[in-house]
Novice: 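Below is one structure. I have some questions about it.
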Amino acid sequence: MAEQSTTQLWINRTVFLALAFIIIIFQLLPLDARPIRWPGPDILLVATLAWVARRPDYLPVIVVAAIFLTTDLLFQRPPGLWAALVVILTEAIRKRAHDIRNMPIAIEWGMIATGVVLITLANRLVLAIVMIPQTPLALTMIQMIFTILVYPLVALIARFAFGISRSAPGEIGLKGRRI
């Protein structure tokens, strides 16, 4: 039984890594040569938050840090800033994962939205303090709003396509402790 749980854990971690790789590749592909008018949502961020909020044991902090540090380097953002903010947010959500499983989706969505707003504003503030050129504030806010709006859809896809559901009350993890 423990081998099956360990196998399931590693399968889910591998699925997330493959999903992150696919999302990153699609963001890097030049699908259209014209400049974009509206920035799309940060699907990788939302998928990570949905994974951590619903099954924190499937996504260790080192994986989150490595993926977002890689995206910082690939998308030519200041290395480590966005990765650090995402790690802080995921760890705050991970600490509340026990409470999240008893919440309605609207409250979970509000908590995730608050976190996305805070890390977006923190990122802009740090970049302004060190005087790094930034995208216009309106575009950043539009991307933030789209990211927040797409969370329920991504959580639904994570649930039904990947089987990432909330842990049941009293469920026992691999280390023999309650999740």
Side-chain angles (χ1 to χ4, degrees), residues 13 15-54 56 58-97 100 103 105-158 162 164:
R13 287 179 179 172
V15 165
F16 182 81
L17 286 173
L19 181 65
F21 178 74
I22 290 168
I23 291 169
I24 291 168
I25 292 298
F26 272 104
Q27 287 180 336
L28 288 173
L29 285 177
L31 299 176
D32 194 359
R34 294 176 289 171
I36 58 170
R37 295 178 65 146
W38 299 96
D42 191 345
I43 300 294
L44 183 58
L45 174 64
V46 174
T48 303
L49 297 177
W51 236 266
V52 170
R54 293 172 178 270
Y58 286 176
L59 198 54
V61 68
I62 191 73
V63 172
V64 174
I67 287 172
F68 281 93
L69 183 59
T70 302
T71 60
D72 282 351
L73 297 173
L74 289 174
F75 299 141
Q76 298 179 356
R77 296 187 293 228
L81 175 60
W82 188 247
L85 292 170
V86 171
V87 165
I88 291 168
L89 178 58
T90 57
E91 287 306 298
I93 291 171
R94 191 181 313 268
K95 283 186 176 183
R96 290 180 170 60
I100 290 174
M103 292 180 184
I105 186 69
I107 296 174
E108 175 186 342
W109 187 15
M111 190 174 82
I112 297 295
T114 303
V116 171
V117 168
L118 289 175
I119 66 170
T120 301
L121 294 177
N123 185 46
R124 295 237 1 138
L125 179 66
V126 170
L127 292 177
I129 289 171
V130 295
M131 293 187 280
I132 294 178
Q134 302 181 50
T135 59
L137 180 62
L139 290 178
T140 302
M141 294 299 119
I142 290 170
Q143 182 180 29
M144 179 187 69
I145 290 168
F146 285 163
T147 301
I148 291 168
L149 291 176
V150 80
Y151 178 78
L153 178 65
V154 171
L156 193 68
I157 291 170
F162 300 109
I164 306 301

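The figures here come from the full heavy-atom set of this structure, side chains too, leaving out hydrogens, waters and symmetry mates.
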Novice: Do you know the tightest heavy-atom contact between A122 and L85?
Specialist: CB-CD2, 4.0 Å
Novice: Report, as yes or no, whether the 6.0 Å neighbourhood of atom CG on L125 holds more than 12 heavy atoms from other residues, nucleotides or ligands.
Specialist: yes
Novice: So L45 and W82, do their side chains get closer than 4.5 Å, heavy atoms only?
Specialist: yes
Novice: A side-chain contact here means heavy atoms from C-beta on lying under 4.5 Å apart; do T90 and L59 qualify?
Specialist: no
Novice: Supply the atom-to-atom distance F21 CZ to F26 CZ, rounded to the nearest 0.5 angstrom.
Specialist: 11.0 Å
Novice: Can you sort out the partners of F75 under side chain to side chain contact (heavy atoms under 4.5 Å, CB included), two or more places apart, ordered by chain and number?
Specialist: I24, Q27, L28, T71, R77
Novice: If I take atom CG from residue L81 and atom CG from residue D72, how far apart are they, to the nearest 0.5 angstrom?
Specialist: 7.5 Å
Novice: Side chains of P78 and L127: does their closest heavy-atom pair fall under 4.5 Å?
Specialist: yes
Novice: Do any N or O atoms from the side chain of W109 and from the backbone of I148 form a donor-acceptor pair under 3.5 angstrom?
Specialist: yes
Novice: Hey, does V87 have a side-chain heavy atom less than 4.5 Å from the side chain of F68?
Specialist: no
Novice: Show which side-chain atoms of residues 137-145 pair as donor or acceptor with protein atoms under 3.5 Å away, not counting sequence neighbours.
Specialist:
residue : atom : partner : partner atom : Å
T140    : OG1  : R124    : NH1          : 3.0
T140    : OG1  : T135    : OG1          : 2.9
T140    : OG1  : P136    : O            : 3.4
Q143    : NE2  : G40     : O            : 3.3

Novice: Decide yes or no for I67 and L17: does some side-chain heavy atom of the first lie under 4.5 Å from some side-chain heavy atom of the second?
Specialist: yes
Novice: Quick check: closest heavy atoms across A83 and L69, and the distance to 0.1 Å?
Specialist: CB-N, 3.6 Å
Novice: Which pairs, with at least one residue in residues 39-52 and sequence neighbours excluded, count as a side chain to side chain donor-acceptor pair (under 3.5 Å)?
Specialist: none
Novice: Any idea which heavy atoms bring V150 and P41 closest together, and the distance?
Specialist: CG1-CB, 3.8 Å
Novice: Are the side chains of L118 and L89 in contact, using a 4.5 Å heavy-atom criterion?
Specialist: no
Novice: Hey, what do you get for CD1 (I119) to CG (L49), rounding to the nearest 0.5 Å?
Specialist: 6.5 Å
Novice: Of all heavy-atom pairs between E108 and A53, which one has the smallest distance, and what is that distance?
Specialist: OE2-CB, 4.0 Å
